[in-house]
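Since we're looking at a predicted model, the values are computed, not measured.
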Amino acid sequence: MKKKIKTIFSLFILLVITLIIVFSYYMKKTYVQVPFEELYFYIFNGVSNSDSGMFIGAIMESLPYIVIIYSLMIIILYDISFGKMKSKLYPFKSINRHRGIIIFVLFIISCLIGLYNLNFFKYVKNTSTSSNFIELNYVNPKNVNISFREKRNLIFIVSESLETSFFTKSQGGYWNYEVTPELYKLLAEDDVVTFYDNNKAQGMKMIKGASYTTASVFANTSGLPFKVPIDGNSYHSENFMNGSYTLGDLLSDNGYYNELISSARTSFGGIKEYFTRHGNYSIIDVDSLEKYNLNFTNDDLGSWGFNDNYLFDVAKTRLSSISKKDKPFNLALITIDTHAKDGFIGKYSESKFKTQYENVYATQSKLIYDFVNWVRGQDFYDNTTIVIVGDHLSMQSEYFSSRNIKDRYVYSCIINSGIKNVNNSHRQFTALDTYPTIISAIGGKVQYDRLGLGVDLFSGKKTMIERYGFGYVNEELSKKSQYYDKYIIDDDYINNNKKIGNKCITLNTKN
C-alpha cells in the first residue's frame with residue numbers, strides 16, 4: 001500500500017513537471033511581451049471573472065504536448081511491460097534505482113524553466129534595483145493650479161488591445177488589405193486631432209506600467225505607471241492607489257458627473273475599486289444592469305460579461321439620460337471583444353476575413369465609428385469631446401511576430417476637442433500623457449502643462465520619452481521606486497489595506 005501511494009505521488013509530481021514546462025512555454029510563445037507582474041496581478045486579482053475560453057483554448061492547444069512529454073517520462077522512469085515488449089519499452093533499468101532523485105531534480109529544473117519563460121528573473125533584476133526617476137519627475141496634480149475656460153463633456157473610450165498594426169501598409173500599418181478602415185478614416189476627419197510621429201499609424205508607445213488593462217486605465221487617467229508589488233496576496237482595496245489624484249478625482253471636484261460602463265466585470269483587476277475610490281463613478285457592468293433597468297438578453301452576453309455591441313447600446317441609452325443633467329458629464333467606456341486569444345465573435349460580428357482576430361478588429365472598428373457618428377448627431381455633441389485610446393498592444397504577440405511586425409503602436413485620437421491641431425506631428429508619447437492632454441481638450445488649463453509624469457501634448461512641451469528616450473524611461477519605470485510605494489500606493493498594499501492618511505507630495509517643477 002505504501003509503495004502504491006509513493007508511486008501515485010511520483011506520477012502526480014511528473015504531471016506537475018509536465019504542466020509547468022508546457023504551459024510556461026505556451027505563455028512565452030503566445031504572450032511574448034507580457035511581464036511577470038502582469039500575470040501575477042491578474043491571477044490574484046479576479047482571474048475567476050476572466051474569459052474561461054482563454055484557459056480552455058490554452059489547454060486544448062497544449063494537450064498533445066502534455067500527453068507526449070508525460071508519456072515519455074513514465075516510459076523512461078517506470079518498468080512498463082506488455083508481454084515480450086518489456087525490453088523495448090524499458091531500456092533504462094539503472095534509472096529505476098535513482099527514480100526519486102531524478103524526479104526531484106526534474107522538478108527543480110522545470111520550476112527554473114517555468115520562471116525563466118515567465119520573465120521572473122528579469123522582474124527580480126528590475127525590482128532589486130531602485131530608481132528615483134518618478135520622484136524627480138512627478139508633478140502632483142493636487143499641487144498645481146487647474147482652471148477651466150469651459151467645462152466640456154467627456155466620453156472616454158478605452159478599447160481593448162486597439163493598435164494600428166491592422167492599418168494597410170500605405171496607411172503606415174502592416175496589412176495588405178483594409179481590416180479597420182473606419183478607425184483610419186476617423187484620424188483624417190475635420191473634427192479629429194491625432195498625435196503621431198511620421199505617420200498617423202504611429203500613435204502611442206506602450207510604456208512599462210501600462211501594458212495591461214488595469215495598468216493602462218490607471219496610467220491614462222493618472223499620469224503614472226501602475227506598479228503594484230507582488231509581495232502580498234492581492235490588491236483589492238477601497239483605498240486603491242490612495243496617493244494618486246486622477247482624472248476622476250479632478251472632474252468630480254470640478255462638478256462633473258462620472259460614470260463607467262464596462263463590458264467586462266469590474267471586479268476583475270481592481271477596476272471597480274479604482275473608479276469608486278477616484279471619482280465616485282456610477283458603475284455599470286453585467287452585475288449591475290438591473291439597477292439601471294437595462295434590457296439584457298443572451299445575445300448580449302460576451303466572454304467576460306456582455307459584448308461590445310451591447311456596451312455601445314447601453315452607452316447611447318445612458319447618454320440620452322445623463323446629458324440632461326445640470327452638470328457636465330464624464331462617461332468612460334471599456335471594451336473587451338478584442339481581448340486575446342482571438343477575441344469574441346457575436347451575431348453582430350464581421351465574417352469576411354480568414355482569421356477570427358481580423359473579423360474581431362474589423363467589427364470593433366465599425367462599432368466605434370458608428371458610435372462616434374451617433375454622438376455627432378446628438379444635441380449635446382457641440383459641447384462634448386470624445387477621446388479614444390487602445391488600452392495596450394494586443395497580448396497575442398505571436399499573431400504579429402509571425403508576420404514580422406516589430407514597431408507596433410497603440411491607437412489614440414481626440415474628437416471635437418476645444419483645441420485645434422497644434423503640436424501634433426513628430427511626437428512620441430505614451431499613456432502617461434493622456435491625463436493632462438484630456439484636461440486641455442475639455443477646456444482646462446494646467447499650470448506647467450504637466451500632471452503626474454505626463455505632458456499636455458497640445459502644449460508642445462517634450463514628453464518624458466521625447467526628453468529622455470523611450471528605452472531609458474521604460475527601464476527606469478521597471479525599477480523599484482520607494483517614493484511610489486510610500487506616496488502613491490500610500491503603503492496601502494504593504495500595510496494589509498489599512499487606511500492611511502493621504503500624504504501630500506511636493507510639486508517638482510524643475511523639469
Side-chain angles (χ1 to χ4, degrees), residues 139 141 144-159 162 183 186-196 200 203-204 216-217 219-223 245-260 279 315 319 322-323 327-333 368 371-372 375-376 378 380-391 410-425 427-463:
V139 173
V144 300
N145 181 43
I146 302 172
S147 58
F148 285 85
R149 64 181 181 276
E150 62 174 326
K151 293 183 179 179
R152 301 177 62 80
N153 302 314
L154 172 64
I155 300 174
F156 184 35
I157 303 173
V158 181
S159 185
L162 198 63
L183 288 174
L186 199 58
L187 301 181
E189 293 182 345
D190 292 338
D191 61 347
V192 177
V193 176
T194 180
F195 297 93
Y196 57 93
K200 291 183 178 180
M204 287 197 298
S216 173
V217 168
N220 275 287
T221 55
S222 71
Y245 187 75
T246 71
L247 177 67
D249 294 315
L250 175 59
L251 295 185
S252 179
D253 288 345
N254 280 275
Y256 276 72
Y257 167 77
N258 293 332
E259 183 165 300
L260 166 69
L319 282 168
I322 65 178
S323 62
K327 57 171 62 178
F329 64 80
N330 162 34
L331 177 64
L333 308 176
I368 291 175
F371 175 71
V372 168
V375 174
R376 283 169 169 162
Q378 305 308 303
F380 57 81
Y381 178 66
D382 287 344
N383 192 42
T384 299
T385 295
I386 306 172
V387 177
I388 305 171
V389 298
D391 60 351
V410 180
Y411 185 92
S412 71
C413 70
I414 301 174
I415 304 166
N416 202 28
S417 165
I419 305 176
K420 301 295 183 181
N421 277 335
V422 293
N423 305 307
N424 64 317
S425 62
R427 303 306 306 269
Q428 294 188 33
F429 62 103
T430 69
L432 302 176
D433 302 302
T434 302
Y435 180 17
T437 304
I438 285 179
I439 297 302
S440 184
I442 63 174
K445 176 59 181 174
V446 179
Q447 186 182 17
Y448 311 117
D449 301 309
R450 294 179 55 200
L451 293 173
L453 297 178
V455 170
D456 172 13
L457 294 171
F458 289 109
S459 72
K461 291 186 177 178
K462 288 186 176 182
T463 65

Tell me, do [X] and [Y] make a side-chain contact under 4.5 Å, heavy atoms counted?
X: Val455; Y: Leu432; value: no
X: Val193; Y: Ile419; value: no
X: Val158; Y: Phe156; value: yes
X: Phe371; Y: Ile388; value: no
X: Phe429; Y: Thr437; value: no
X: Val144; Y: Arg450; value: no
X: Thr384; Y: Phe329; value: yes
X: Leu247; Y: Leu154; value: yes

Inter-residue atom distance [X].[atom1] - [Y].[atom2], 0.5 Å rounding:
X: Leu187; Y: Tyr196; atom1: CG; atom2: OH; result: 10.0 Å
X: Leu331; Y: Tyr257; atom1: CG; atom2: OH; result: 8.5 Å
X: Leu333; Y: Leu260; atom1: CG; atom2: CG; result: 8.0 Å
X: Phe458; Y: Ile414; atom1: CZ; atom2: CD1; result: 4.0 Å
X: Lys461; Y: Thr463; atom1: NZ; atom2: OG1; result: 13.0 Å
X: Asn330; Y: Thr385; atom1: CG; atom2: OG1; result: 11.5 Å

Salt bridge present between Arg427 and Asp433 (N-O < 4.0 angstrom):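 Not counted as a salt bridge, because no side-chain N and carboxylate O are separated by less than 4.0 Å.
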Exercise: identify the closest heavy-atom pair between [X] and [Y]:
X: Cys413; Y: Thr194; result: CB-CB, 4.5 Å
X: Tyr381; Y: Ile386; result: CE1-CD1, 4.3 Å
X: Ile322; Y: Glu259; result: CG2-OE1, 4.0 Å

Asn220/Met204 under side-chain contact (heavy atoms from CB on, under 4.5 Å): CA gap, chis, key distance, verdict: CA-CA 11 Å; Asn220 275 287; Met204 287 197 298; 4.2 Å; yes
Without swapping roles, check the side chain of [X] against the backbone of [Y] for a donor-acceptor pair under 3.5 Å.
X: Ser216; Y: Asp391; value: yes
X: Asp449; Y: Ser459; value: no
X: Asn153; Y: Pro328; value: no
X: Tyr435; Y: Thr246; value: yes
X: Arg152; Y: Gly444; value: no

Phe148 and Ile442: CA distance, side-chain angles, deciding distance, side-chain contact (heavy atoms from CB on, under 4.5 Å) verdict: CA-CA 8 Å; Phe148 285 85; Ile442 63 174; 4.2 Å; yes
Between Asp249 and Ser252: side-chain donor-acceptor atoms closer than 3.5 Å: no
side-chain contact (heavy atoms from CB on, under 4.5 Å) evaluation trace for Ile415 with Arg376: CA-CA 10 Å; Ile415 304 166; Arg376 283 169 169 162; 4.0 Å; yes
Sole candidate of Ser222, Pro141, Ser440 that passes side-chain contact (heavy atoms from CB on, under 4.5 Å) when paired with Leu451: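 When side-chain contact (heavy atoms from CB on, under 4.5 Å) is applied between Leu451 and each of Ser222, Pro141, Ser440, only Pro141 qualifies.
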Check against side-chain contact (heavy atoms from CB on, under 4.5 Å), Asn254 and Ile146: CA-CA 10 Å; Asn254 280 275; Ile146 302 172; 5.7 Å; no
